[in-house]
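Letters A, B, ... mirror the listed sequences (proteins, then strands); counts begin at 1.
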Protein chains: 2
Amino acid sequence: MPKRRLDNDFALKAQDRLRAAGLRPTRQRVGLAQLLFNGPCRHLTAEDLFAEAAAAEISVSLATVYNTLHQFVEAGLLREVLAEPGRAYFDTDVSNHHHFFHADTGMLQDIPEDAVVIAALPAAPEGARIGRVEVVIRLEKAGA
Amino acid sequence: MPKRRLDNDFALKAQDRLRAAGLRPTRQRVGLAQLLFNGPCRHLTAEDLFAEAAAAEISVSLATVYNTLHQFVEAGLLREVLAEPGRAYFDTDVSNHHHFFHADTGMLQDIPEDAVVIAALPAAPEGARIGRVEVVIRLEKAGA
DNA sequence: TTTCCTCCTTAGAATCCTTCTAAATTGTTG
DNA sequence: CAACAATTTAGAAGGATTCTAAGGAGGAAA
């Protein structure tokens with residue numbers, strides 16, 4: 001039984017994950033997948049991930065970070081969240097849930113799925129079907 | 001009794017509206033307010049409004065359109081809606097309602113308030129209060 | 001109405017985030 | 001290992017929005 005470092009384990013898992021999604025497990029994609037999916041779920045921007053990669057000495061260009069994030073969204077590995085205009089946030093939690101958005105800090109915070117109960121939805125207009133229902137609760141500072 | 005053209009009536013209404021919101025009724029703000037608030041509610045971008053102003057021969061710079069839109073949001077005359085990353089939409093309907101977002105066309109469509117019923121919301125985190133609850137229902141093309 | 005002061009508008013540059021480009025590299029398959 | 005297609009890259013390009021510094025306009029008071 002070959003000895004393995006933890007890093008390699010993670011790398012292998014990431015590889016499988018990518019292959020399962022139909023994405024070639026390149027060095028860059030594996031590295032980014034490790035950063036994204038090892039550890040707890042969180043929200044980040046492309047720049048955030050680019051900085052993390054640099055810190056982790058994973059050599060990758062910003063263009064590839066953008067490409068990879070979109071491919072991961074496409075593949076269902078990530079979700080894109082709308083919070084602020086002019087900046088895209090990505091959520092490593094792809095399960096069905098909603099968000100608080102702290103208007104003062106620009107921070108996103110998860111809301112567990114069952115904390116929001118939607119009792120009625122309209123029918124989709126002709127020719128369309130409902131893809132996803134996204135609830136964002138904007139938060140202001142308390143003493144306003 | 002002085003004779004008045006319809007335009008002037010609208011202009012007077014817009015002036016009052018601006019004054020009530022604490023905004024000086026400048027030529028540009030009055031013009032934009034007329035474009036925005038005469039006629040049915042709708043969604044538009046800064047560029048849309050800039051083009052409408054040009055078409056209506058209201059001389060105003062793009063910078064002022066942006067400034068004015070934000071001031072109107074601040075004053076509660078408009079709402080900003082999140083739909084696509086990288087582009088801000090403004091909604092002339094400030095009443096409580098939600099939106100369909102057509103993923104293929106980028107179009108926003110209003111949902112009457114009572115078509116979405118939210119039965120439970122989480123409490124706001126410590127130090128914050130809930131500002132607004134925004135529901136966006138993403139629509140895909142039907143045959144997908 | 002004239003003055004004065006402040007707020008507002010402006011054109012253009014600047015900035016920010018994101019995508020594109022064309023060339024070099026890498027993964028995969030035979 | 002060769003060959004091919006997919007991927008990565010740096011830098012340029014793009015689009016939306018904000019900033020800047022200067023001139024212009026509202027309106028309160030004289």
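- Closest to the B:E47 side chain, of the nucleotides C:dT18, D:dT17, C:dT19, is D:dT17.
- We find that CD of B:Q71 is positioned 10 Å from C1' of C:dT9, with the value rounded to whole Å.
- The residue among B:L62 and B:G22 whose nearest nucleotide of DNA chain C lies closer to the 5′ end is B:G22.
- One interatomic measurement links the two molecules: CG of B:L32 to P of C:dC8, which rounds to 14 Å at whole-angstrom precision.
- Look at A:R42 and A:E52 and you find a salt bridge, because one of the NZ, NE, NH1 or NH2 atoms lies within 4.0 Å of a carboxylate O, short of that distance.
- Side chain of B:R29 to main chain of B:R24: a donor-acceptor pair is present (N/O by atom type, distance under 3.5 Å, no hydrogens or angles).
- Phosphate proximity of D:dT9 to A:R27: absent, as no side-chain N or O sits under 4.0 Å from OP1 or OP2.
- Within the 4.0 Å cut-off from OP1 or OP2 of D:dA16, at least one side-chain nitrogen or oxygen of B:R87 is found.
- The side chain of B:T64 contributes no N or O atom lying less than 4.0 Å from OP1 or OP2 of C:dT9.
- For C:dT18, the OP1/OP2 oxygens have no side-chain nitrogen or oxygen of A:H70 closer than 4.0 Å.
- Projected onto DNA chain C by closest heavy-atom contact, A:G86 and B:L23 fall at different nucleotides, the more 5' of which corresponds to B:L23.
- The side chain of A:Y66 approaches C:dT18 more closely than any other nucleotide in the set D:dA10, C:dT18, C:dT6.
- Comparing atom distances between the B:T26 side chain and each of C:dG12, C:dC8, D:dA5 picks out C:dC8 as nearest.
- Checking D:dT17, C:dG27, D:dC19 against the side-chain heavy atoms of B:A88 singles out D:dT17 as nearest.
- Atom pair B:F50:CZ and C:dG12:P shows a separation of 11 Å (rounding to whole Å applied).
- If you check every strand for non-hydrogen atoms under 4.0 Å, B:P25 touches sugar and phosphate atoms only.
- Protein atom CD of A:E74 is 13 Å distant from nucleotide atom P of C:dT19, rounded to whole Å.
- For C:dT28, one of the phosphate oxygens OP1 or OP2 lies less than 4.0 angstrom from a side-chain nitrogen or oxygen of A:R19.
- Distances shorter than 4.0 Å separate none of the side-chain N or O atoms of A:Q28 from OP1 or OP2 on C:dT26.
- In this structure a side-chain-to-backbone donor-acceptor pair under 3.5 Å is missing from A:R132 to B:V136.
- Listed nucleotides C:dC7, C:dT10, D:dA6 differ in distance to A:R24; the shortest reach to its side chain belongs to D:dA6.
- The CD atom of A:E80 sits 9 Å away from the P atom of C:dT18 (whole-angstrom rounding).
- The residue B:T68 sits apart from the nucleic acid: no heavy atom pair falls under 4.0 Å.
- Remark: P of C:dT25 and CZ of A:R29 are 19 Å apart, rounded to the nearest angstrom.
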